[in-house]
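Notes follow once the structure below has been shown.
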There are 2 protein chains.
Amino acid sequence: MSERTTRETILDAARPLFAERGFNGTTIRDIADAAGVSPALVMKLSGSKAELFQAAAPDSPGLDPDPSEELPGYRLVRAVVERRNSGDYEFWAMAPYLVQEAPEPEIARAKMTERVVPRIAAVIGEQTPEKTRARMVVTLLLGLASGLRTFEILTPQAIDSAKLIEAYGALVQKIIDDDGL
Amino acid sequence: MSERTTRETILDAARPLFAERGFNGTTIRDIADAAGVSPALVMKLSGSKAELFQAAAPDSPGLDPDPSEELPGYRLVRAVVERRNSGDYEFWAMAPYLVQEAPEPEIARAKMTERVVPRIAAVIGEQTPEKTRARMVVTLLLGLASGLRTFEILTPQAIDSAKLIEAYGALVQKIIDDDGL
DNA sequence: ATTATCTATAGATCTATAGATAATGC
DNA sequence: ATTATCTATAGATCTATAGATAATGC
């Protein structure tokens with residue numbers, strides 16, 4: 001097993017732990033146990049816990065691999081709902097913890113904005129320097145992920161997926177189409 | 001100084017620390033220093049760190065003391081924006097951490113939903129058992145607070161307060177008025 | 001020979017408690 | 001006398017490192 005592979009094993013073990021328990025709630029030993037190696041090796045290969053966090057924490061949302069005919073507002077919402085249904089990792093739900101729990105929250109916040117806002121601006125085709133609509137869309141996606149994942153108030157019992165995509169997608173699309181912003 | 005008062009001093013010191021740094025990121029000593037007492041006294045008066053967290057963490061949003069003529073969607077949004085402008089404590093921004101960082105996240109999540117959803121249902125006048133619209137409104141407020149506070153992507157430079165209240169208030173009001181939900 | 005990994009442990013926390021002292025009310 | 005508060009410290013972590021051993025490639 002080369003270093004590359006072991007390092008990847010450790011990062012893969014670290015990611016969900018950091019996401020679920022945060023920086024302080026996750027120990028090097030937790031990660032080592034999950035990866036099946038000694039804590040010393042985790043330290044050796046990652047340098048420090050803070051560096052490991054930086055390396056492990058995903059810092060941008062998953063790409064949309066298949067730009068369909070659907071309007072981008074609905075498409076973005078559908079992706080979040082489908083990830084809930086399949087239990088996949090949800091960047092938008094983890095982002096608040098990644099900022100708040102980072103060893104240096106201010107830097108984490110700035111980095112996050114830098115990566116995420118232009119990305120969404122590209123998806124919705126916004127070209128203004130302020131990227132106001134992209135910022136609003138990011139806000140809406142953060143809320144949706146909170147409701148679906150962190151708080152689980154938008155359960156399938158409370159609202160079925162199709163209806164949710166229709167209603168919430170309409171909100172996102174309304175922002176995208178808003179000429180006043 | 002009676003116990004009541006010292007206990008309150010400690011809780012007031014603990015609240016912002018827990019909110020900013022989370023449960024694991026805040027130590028009894030931090031709280032003791034902020035309150036100007038010894039760590040031993042903090043322990044004595046609070047029982048344990050977990051109990052202190054329970055006692056200190058606000059578990060519901062601030063009430064709306066002045067129900068105006070304004071439509072509830074705009075009113076709810078305006079309150080969040082104004083708290084940003086005045087730098088006041090924002091329940092909706094802290095709620096994710098309170099759930100995630102709680103000693104028992106599952107219980108914290110259930111409690112949160114139990115308190116918050118009926119509250120918002122009352123504000124918007126929803127009486128269905130599922131409270132689907134209240135859940136959607138909570139989701140939108142969580143997003144707004146994330147965008148304003150946690151990520152600071154909705155800065156006054158990016159969008160001025162009046163415009164934000166108008167645009168985001170319209171979304172919340174759209175959900176409140178949505179007959180399909 | 002070099003790289004990968006482990007054991008053992010130092011040094012620095014952290015929560016919690018025991019027991020002492022200072023302040024308060026009768 | 002009782003309540004409020006402190007000092008001192010036990011016991012349990014946690015990160016990080018030093019030095020030893022096992023595995024690998026030449």
Side-chain angles (χ1 to χ4, degrees), chain A residues 1-57 97-108, chain B residues 1-57 59 94 97-108:
Chain A
M1 220 185 282
S2 73
E3 183 181 332
R4 174 85 182 67
T5 300
T6 303
R7 193 182 140 82
E8 268 307 320
T9 304
I10 290 168
L11 287 174
D12 289 346
R15 241 180 293 273
L17 291 173
F18 279 136
E20 281 160 28
R21 310 182 196 173
F23 182 76
N24 290 308
T26 303
T27 69
I28 294 289
R29 173 162 294 280
D30 290 340
I31 295 164
D33 288 350
V37 300
S38 70
L41 187 58
V42 173
M43 289 304 298
K44 183 83 137 204
L45 295 182
S46 60
S48 70
K49 192 185 175 186
E51 285 173 83
L52 176 56
F53 182 87
Q54 289 294 339
Y97 308 118
L98 297 179
V99 166
Q100 191 90 346
E101 290 275 303
E104 294 175 292
E106 282 301 325
I107 293 170
Chain B
M1 219 184 283
S2 72
E3 182 182 331
R4 173 86 181 68
T5 300
T6 303
R7 193 182 141 82
E8 268 307 322
T9 303
I10 290 168
L11 288 174
D12 289 347
R15 239 181 294 272
L17 291 173
F18 278 136
E20 282 160 27
R21 309 181 196 173
F23 181 76
N24 290 309
T26 303
T27 69
I28 294 289
R29 173 163 294 281
D30 290 340
I31 295 164
D33 289 349
V37 299
S38 70
L41 187 58
V42 173
M43 289 304 299
K44 183 83 138 203
L45 295 182
S46 59
S48 71
K49 192 185 175 186
E51 286 173 80
L52 176 58
F53 181 86
Q54 289 294 339
D59 55 1
M94 288 308 129
Y97 307 117
L98 297 179
V99 166
Q100 192 89 348
E101 290 275 304
E104 294 174 292
E106 282 302 326
I107 292 170

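Quick caveat: nothing in here was measured; it's all calculated off a predicted structure. By convention in this document, chain letters (A, B, ...) are assigned in the order of the sequence lines, proteins followed by strands, and residues within each chain are numbered from 1. Both backbone and side-chain heavy atoms feed into the values below; hydrogens, waters and symmetry mates do not.
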Task: DNA chain D contacts made by residues 26-36 of chain A, counting heavy atoms under 4.0 Å - done: A:T26, A:T27, A:I28
Open item on the list: My validator wants the stems of DNA chain D: runs of 3 or more consecutive Watson-Crick or G-U pairs, both distances under 3.5 Å, written as range with range.
Closed with: C:1-24 with D:1-24
Open item on the list: Would you say that B:S46 contacts B:E51 through its side chain, given a criterion of any heavy-atom pair below 4.5 Å between the two side chains?
Closed with: no
Open item on the list: Which nucleotide wins on minimum distance to the side chain of B:S38, given the candidates C:dT7, D:dT7, C:dA16?
Closed with: D:dT7
Task: Between CG on residue A:N24 and CD on residue B:E101, distance to nearest 0.5 Å - done: 7.5 Å
Task: Nearest-Å distance for atom pair CG/P, residues A:L45 and D:dT15 - done: 16 Å
Open item on the list: Rounding to an integer number of Å, can you tell me how far A:N24 CG sits from C:dT13 P?
Closed with: 14 Å
TODO: Could you check which of D:dA16, C:dA16, C:dT7 has an atom nearest any side-chain atom of A:S48?
DONE: D:dA16
Open item on the list: From the set C:dT5, C:dC6, C:dA18, return the single nucleotide nearest to any side-chain atom of B:A40.
Closed with: C:dA18
Open item on the list: Whether the B:D12 and B:T9 side chains hold a donor-acceptor pair (N or O, under 3.5 Å, no angle test) is what I'd like checked.
Closed with: no
Open item on the list: Run the side chain to side chain donor-acceptor pair (under 3.5 Å) test against A:S38 and tell me which residues pass, sequence neighbours left out.
Closed with: none
Open item on the list: Is it the case that the side chain of B:Q100 and the backbone of A:A19 share a donor-acceptor pair, with hydrogens and angles ignored and the cut-off at 3.5 Å?
Closed with: yes
Task: Closest heavy-atom pair and its distance - A:T26, A:K49 - done: O-NZ, 2.8 Å
Task: Rounded distance [0.5 Å steps], CG in B:L17 versus CG in B:D33 - done: 9.5 Å
TODO: Whole angstrom is fine here: how far is it from NZ in B:K44 over to P in C:dG19?
DONE: 12 Å
- [ ] Could you label the plane-to-plane angle of the A:F23 and A:F53 rings as parallel, tilted or perpendicular, counting under 30° as parallel and over 60° as perpendicular?
- [x] perpendicular
Open item on the list: Is B:T6 close enough to D:dT5 that one of its side-chain N or O atoms is under 4.0 Å from OP1 or OP2 there?
Closed with: yes
TODO: Grab the CG-P distance between B:L41 and C:dG19 for me, whole Å please.
DONE: 19 Å
Task: Side-chain heavy atoms of B:L11 within contact of B:L52, under 4.5 Å - done: yes
Open item on the list: Starting the side chain at C-beta, find the nucleotide from C:dT7, D:dT15, D:dC6 nearest to A:K49.
Closed with: D:dT15
Open item on the list: Quick check for you: among D:dA18, C:dT17, D:dT5, whose closest atom lies nearest to any side-chain atom of B:M43?
Closed with: C:dT17
